[in-house]
Every structure is written in C-alpha cells, then in structure tokens.
Amino acid sequence: MEIDGRELDLDIVTESWRSLTEPEAFDCMIAAWDRKLATAASQPRIPLIDGILKRQLASIDSLLDENRTVKAEDPLDAAVSATPAPAVVLSPQGLVVVHNEGARKCFGARQGKQLGTDWIREDSLADFRAVRKSGLAKGNANYAIIRIVIDGGGEALAEAYRLDVKGKDGSFTVVRSLELDWNDNVTSGLSQAFGLTSAEADICRLLFAHRNLEIVASKRGVALETVRNQVKRILGKVELHSKTELIRMLALLCARANSEMAEADLAWSDPFGNETLLTRRDGRKLAYAWVGAEDGRPLLFIHGTISYFYIPEVAREALTKAGIKLICPSMPNFGNSDPAGARDQLLDGCEAIEELCEALELGPVPAIAAYSGQAYLTRLAHLRPDMFSMLCCVGISWSLAEDRSAALPVTQRIFARLARDAPMAFDVLCRVAYQVVKKRGVDFYLERSFGDTDVDRHSITDPDLLALLKVGFRHLNAQGHTAFHREKEMSAKTPMSGWLEDVKVPIHWMVPQQVGDVGETDLARIRAFNPLISAELVEGAGQMMPYQKPQLFTERLIALASDDPRDALAAHDPARLGTILDSRQES
C-alpha cells in the first residue's frame, strides 16, 4: 500500500511549527521525517523535497531569522539564570555544573572544575558541608544561609540548598548570593501580593539589607521589641515561619525583579583557564587550550561536535604525571574561534590545524581525534604526512562507512541523511533543534544524541559527568547552531574512505562496542583501508567512551605520545600486531 506523500509533508510542517512553541513536538517532527525518508526510499516517485514543502519550510526559516527570546526550562540553568547575583550549581562530588558570570568572580567558579571553599567564611563551612552531605544522602540539611568572603576582605550572605533533578542520580547543590539590590517593584509586589503596609515593606527592605533586627530598629528609630512584633505580623501575612525563610523569599523576589539584568547564556570560556587566542594568517582568531603538564610532550586533540577534550580529573592528573601536554584547538565556529564563513569547513579546519602546529612548532606530533574531528586529521595526514608521527581515532564516524548511518540513533540518522540529500531542510531542522535545546537545555540534546545505549544513558544521567558534558555543550553552541550544522554537513559531503588508503601515517582506531551493532566485521573493514591501520574494540563503552573508560583512554593517550606509539597501540589489536611486528623486523 502506497503512502500519501502530501500527508507526510503536512506532518513534517505541522510538527516543525509546533516544535517552536512546544518542545515535546520535536520528537514527533523527527518521527515524521523518519517516515518521509523511509517512504522516499521505498517509493522513488515521491520526491524527498518538492516545491510546496520547500515553501512551507521557508516560512519556518523566515520566522527563525527573527530574534526570538527563549526562556530556559532546564532546572540547573534556571537556578543561575533566574538571578543577576552570583550563582553556581555543584554536582554531588563538587564539580561546577553551571554558573553565571558573577559566580566566576565571587566564587572562582569554572565549569567542569572542582570548587574549593576559600570563599566561605570559616564559621559557615559546617552549614555548607551539611547541605552538600544531604545531596549525598548523608544528612537532611536541605537549606542554609551562609556567610561568604568577597573581594577586598568584605563579607556577604549566600544561600546554599539542595536541588533534586528528575532522572539524575544524586542531588545537586545550588549556591546563590543574597546580595541583591532592592527594587521598587519588590515593595509594590509585597503590598499587592500579601497586603503589607508601607512600614512593613520598609522593614522587609531593611531586614534584607542588614539581616539584623537591632540595625532595623535603629534605622527606623523605634524600639527593638516593636520591630520584633512587626516581623511576626509580616511572617503571618506571608505565611512563613522564620526570619531565614523571609530573607530567602525576599531574595527570590529581588532576583525576579532584576531578572532582566541576568544573562541566560554565557559566552564560552575554557574552564581550566588555559585558553590562548592565536591570530591566523587572514586575521581571524583560533582559540586553543591545554591540560596536563604545561611543559610536557605535546599531543594534539581534535574534537568532534561534543568535545571530549574536557576529560575527568583522574585523566588530567595521569597526563600531568606522564609529562604530556594535551593541546586542543577550538575548530572554526566552535568556542571562541572565529567562524569559517563561506569557506569550506574541511579545508578551513585543516588550515587552522596547520597554522596552530606551525605557531607552536609542533611536528611531527602525535594526534587524536573524535568522530567528525577524524576528517580533519586523516585528510591532513594524507596531504601532509610530515606533520604527524601517529594518529588515533575514537569512534566510527558515520561518513567512514555509509551503512553505519543505519546504526545511529534516530535523531542523528535523520540529521545525517538530510545533511547529505536535502541541505535546505537540514538547515531548518538544525535551527528548530537549536531553539528547542535553548529552551530545554543540555539534557534534551544529550538524550537524543547519546541515549541509544544503556552505557551512554547512564553516563548522561551521571551528575558529575554532566558537569563536563555541559562544558562540551557550551563549546558546541557558543555561536548558535552554526558549528553543529557545518560539522554535520562536512561529514555528509566528505567521506574519509576517499583518502584513507593513501595515508602514510600509522593510525590506531578505538571503536566503542556499544554503538549500534559494532563488531569484528567493522574492525576488519577499517583495517582493510590501509595496512598502517590497527583497530581495537573497546568493550563496555559507548559514544561517551572517554568518560566511561577514563583510565583506558588515558593509557592510550600516553601510548600515543610514547617513543614507539605504533607498536604500543597495535598491541591492542591481535589481528594487526603480528603483521606490524613482522614488517618492522623486515625493515
């Protein structure tokens, strides 16, 4: 039975429009595209994109050209974006998951890094730690007002409270400064919402500013007992039980009244503080960062859409101990690197890597790449084999073998197919998805991109890993949807098989087992491209392999930077080890 192509198009258009206001419709839109692609494959007479569908998508595209304000619904993002005051969210183990600009200055917060306690006054440490322990199921102190140390030796008050998020193991801790300017809208709001008199509202203002009833009494020129009685009446009107609860409510009202001052989206910044901007030959900026030993042996890391460069602390420490400096450029369109503009993404990315290596005098240098980043490294290794001593690739990029796209999660599969066969529809889909992700947050993106296997689902719900994944997510989205769009388009148009057989640099492929139906056949196909390629199946790992197997991943990085990386890595590929050793003996 043939399917009506016009009905399918109507579903696509309807769900695309709905996705702009109802994020739940995004999955329905993906399902509609999935039906359309399946129908186009089985009924060739039905065009993938005809004139009518193109015009409808153009209407959506024109709406997306307008400046659209999107309110974040992610509870972690909302915890910091709802206030102009310094605010930070910590994972159960104390890693910074989200922060706003004020928290960087006030608490020294940097996303993905451990947050110390030197910003907390000593007599408040116990209260802060009690809230943290509550998140680890070691107590029931869910809220505390603590004293913090600010620049110049001053002090301020902050609140620390436990935040439970559905679908996440463990609890987060939110710290938000209570030092907010009083807004006239708060005074009128207290009057309208709770019926407070002007005198009672003024007491609230003074109490919020000074947190001390004696000072409030002095400021108003009345007896302390009078103020105490007035505060009791205020508590009754607002239906709270303590001065602490009242102060917190006032802080929330001040934050809401000043919410227009808050910035929901932070510009990208390297959480480790090791980023440098290099000026390219054409004047554009190329950002790069490093972890490990500052004066160590260099190892180049080229990221994919989500940067695995921001590895767990245990891996960073191992690199430092091994004397390795892992250097990662932000490819054009990512992070703080200038966009490629109209230039070909693959060409511009390859030139960016060349310019970085020349500026840092790297070469021949060992290098590693994840997923789409493999295209840059293997292409360069084909054109400039003198640049690299050896390469390592993580994961099977779908463009490496076309039939691998069938094993992708449905959302990734749809993006990959449209990037190749329907560029206009692909662009609209990317832009709709970006609006949805801005509204719903990183979880929405991670679940649809990496939620296809048990091991990856576990990783994206781990609160401590989420701190690092959010770093990669911001790196990807710092310039809007452009980086994702360009990277997927590049993968669709440049299959690596076109040059792999001619590469003269040894390559070791690390293939996570739990991605689709990966097996020995896939490894054999990879080896078949070139006798210089070895391949390793990483058991118990998915697309998040560097986070799931940090020790193994770091061991491979150390081997890659060794004096004899080819033999060290080939030892993990029994099918190739003997051949490589024999060739070495013959030479």
Exercise. Can you tell me if Thr453 and Gln514 form a side-chain donor-acceptor pair at under 3.5 Å?
Worked result: no
For this session: Spell out, as yes or no, whether a donor-acceptor pair under 3.5 Å connects the side chain of Asp127 to the backbone of Ala144.
Result: no
Exercise. When rounded to the nearest 0.5 angstrom, what is the spacing between CG in Leu468 and CD1 in Ile306?
Worked result: 11.5 Å
For this session: Indicate the atoms forming the closest heavy-atom contact of Ala158 with Ile148, along with that distance.
Result: CB-CG2, 3.9 Å
Exercise. Can you tell me if NE2 on His210 sees more than 12 non-hydrogen neighbours from other groups inside 6.0 Å?
Worked result: yes
Exercise. Got a donor-acceptor contact below 3.5 angstrom from the Arg162 side chain to the Ser171 backbone?
Worked result: no
Exercise. Could you walk me through whether Val149 and Ile120 pass the side-chain contact (heavy atoms from CB on, under 4.5 Å) check?
Worked result: CA-CA 6 Å; Val149 180; Ile120 304 175; over 6 Å; no
For this session: Considering non-hydrogen atoms only, spot the tightest contact between Met545 and Pro512 and give its length.
Result: CB-CG, 4.2 Å
Exercise. Is there a donor-acceptor pair closer than 3.5 Å between any side-chain N or O of Asn229 and the backbone N or O of Glu225?
Worked result: yes
Exercise. Is there side-chain contact between Asn212 and Leu207, with at least one heavy-atom pair below 4.5 Å?
Worked result: no
For this session: Start with the C-alpha gap between Glu214 and Lys219, add the side-chain angles, then the distance that decides, and say whether salt bridge (Lys or Arg N to Asp or Glu O under 4.0 Å) holds.
Result: CA-CA 9 Å; Glu214 287 85 353; Lys219 292 285 185 181; over 6 Å; no
Exercise. Under 3.5 Å, side chain of Ser124 to main-chain N/O of Ile146, donor-acceptor pair present?
Worked result: no
Exercise. Quick one: CG on Asn336 to CG on Asp270, what's the gap to the nearest 0.5 Å?
Worked result: 9.0 Å
Exercise. So, do Ile368 and Phe553 sit near enough that their side-chain heavy atoms are less than 4.5 Å apart?
Worked result: yes
Problem set entry | Residues Lys285, Ser337; criterion side-chain hydrogen bond (donor to acceptor under 3.5 Å, both in side chains); working and verdict | CA-CA 5 Å; Lys285 300 298 182 183; Ser337 288; over 6 Å; no
Exercise. Where do Glu159 and Val175 land on the side-chain contact (heavy atoms from CB on, under 4.5 Å) test, with the steps shown first?
Worked result: CA-CA 6 Å; Glu159 60 175 352; Val175 180; over 6 Å; no
Which atom pairs, one a donor and one an acceptor, fall under 3.5 Å between side chains of residues 317-334 and the rest of the protein, sequence neighbours left out?
{"from": "Thr320", "atom 1": "OG1", "to": "Gly292", "atom 2": "O", "distance (Å)": "3.4"}
{"from": "Thr320", "atom 1": "OG1", "to": "Arg316", "atom 2": "O", "distance (Å)": "3.0"}
{"from": "Lys325", "atom 1": "NZ", "to": "Glu294", "atom 2": "O", "distance (Å)": "3.3"}
{"from": "Ser330", "atom 1": "OG", "to": "His475", "atom 2": "NE2", "distance (Å)": "2.8"}
{"from": "Asn333", "atom 1": "OD1", "to": "Ala340", "atom 2": "N", "distance (Å)": "3.2"}
{"from": "Asn333", "atom 1": "ND2", "to": "Gln345", "atom 2": "OE1", "distance (Å)": "2.8"}

Exercise. Can you find a pair of side-chain heavy atoms, one from Phe172 and one from Leu76, that are under 4.5 Å apart?
Worked result: yes
Exercise. Counting only N and O atoms by type, is there a donor-acceptor contact under 3.5 Å from the side chain of Thr554 to the main-chain atoms of Pro550?
Worked result: yes
For this session: Output yes when Glu200 and Arg205 qualify as a salt bridge under the 4.0 Å nitrogen-oxygen rule, no when they do not.
Result: no
Exercise. Looking at Asp123 and Arg121, what are the two nearest heavy atoms and their distance?
Worked result: OD2-NH2, 2.5 Å
For this session: Decide side-chain contact (heavy atoms from CB on, under 4.5 Å) for Val231 and Val216; before the verdict, give the C-alpha distance in whole Å, the side-chain angles of both, and the deciding distance to 0.1 Å.
Result: CA-CA 11 Å; Val231 169; Val216 174; over 6 Å; no
Problem set entry | Lys/Arg cation over aromatic Phe444: Arg448, 6.0 Å, 45° cone | yes
Problem set entry | Whether Ser449 side chain and Leu446 backbone form a donor-acceptor pair below 3.5 Å | no
Problem set entry | Ser91 side chain to Leu95 backbone, donor-acceptor under 3.5 Å | yes
Exercise. Angle class for the Phe107/Trp119 ring planes (parallel below 30°, perpendicular above 60°, tilted otherwise)?
Worked result: tilted
Problem set entry | Arg104-Ser269 side chain donor-acceptor pair, cut-off 3.5 Å | yes
Exercise. Got a second to check how far Ser16's OG is from Met29's CE, nearest 0.5 Å?
Worked result: 5.0 Å
Seminar exercise, completed: Rounding to 0.5 Å, atoms CG (Leu213) and OG1 (Thr226) come to a distance of 12.0 Å
For this session: Look at atom CD of Gln551 and say whether more than 12 heavy atoms of other residues, nucleotides or ligands are closer to it than 6.0 Å.
Result: no
Exercise. Gln479 side chain to Gly335 main-chain N or O, any donor-acceptor pair under 3.5 Å?
Worked result: yes
Exercise. Tell me, do His241 and Leu235 make a side-chain contact under 4.5 Å, heavy atoms counted?
Worked result: no
Exercise. Side chains of Tyr308 and Tyr371: does their closest heavy-atom pair fall under 4.5 Å?
Worked result: yes
For this session: Quick one: pull up CG in Leu246 and CZ in Phe208 and give me the separation to the nearest 0.5 Å.
Result: 10.5 Å
Problem set entry | Parallel, tilted or perpendicular, as decided by the 30° and 60° cut-offs, for the rings of Tyr434 and His481 | tilted
Seminar exercise, completed: For Pro312 and Tyr547, the nearest pair of non-hydrogen atoms, with its separation, is CD-CD2, 3.8 Å
Exercise. Is it true that a side-chain atom of Gln543 and a backbone atom of Phe450 form a donor plus acceptor pair closer than 3.5 Å?
Worked result: no
Exercise. Side-chain contact, heavy-atom cut-off 4.5 Å: Leu356 with Leu300?
Worked result: yes
For this session: List the atom of Leu90, the atom of Val97, and the distance in Å for their closest heavy-atom pair.
Result: C-CG2, 4.1 Å
For this session: Answer whether the closest heavy-atom distance between the side chains of His99 and Val89 falls below 4.5 Å.
Result: no
Exercise. Hey, is the main chain of Glu245 close enough, under 3.5 Å, to the side chain of Ser242 for a donor-acceptor pair?
Worked result: yes
Problem set entry | Ion pair check, Lys113 and Glu313, cut-off under 4.0 Å | no
Exercise. From Ile203 CD1 over to Arg228 CZ, what is the distance, rounded to the nearest 0.5 angstrom?
Worked result: 13.0 Å
For this session: Dump the intermediate steps for salt bridge (Lys or Arg N to Asp or Glu O under 4.0 Å) on Arg220 and Asp202, then the final yes or no.
Result: CA-CA 9 Å; Arg220 289 187 57 79; Asp202 191 55; 2.8 Å; yes
Exercise. Is it the case that Glu487 and Thr305 place a side-chain donor and acceptor less than 3.5 Å from each other?
Worked result: no
Exercise. Do Val174 and Val88 have side chains that get closer than 4.5 Å, going by heavy atoms?
Worked result: no
For this session: Could you tell me which non-hydrogen atom of Leu469 sits nearest to which non-hydrogen atom of Met544, and how far apart they are?
Result: CD2-SD, 3.7 Å
Problem set entry | Ring geometry between Phe484 and Phe415 (parallel below 30°, tilted from 30 to 60°, perpendicular above 60°) | perpendicular
For this session: Kindly indicate, with the supporting measurements, whether the criterion side-chain contact (heavy atoms from CB on, under 4.5 Å) is fulfilled by Leu286 and Leu277.
Result: CA-CA 6 Å; Leu286 177 69; Leu277 291 179; over 6 Å; no
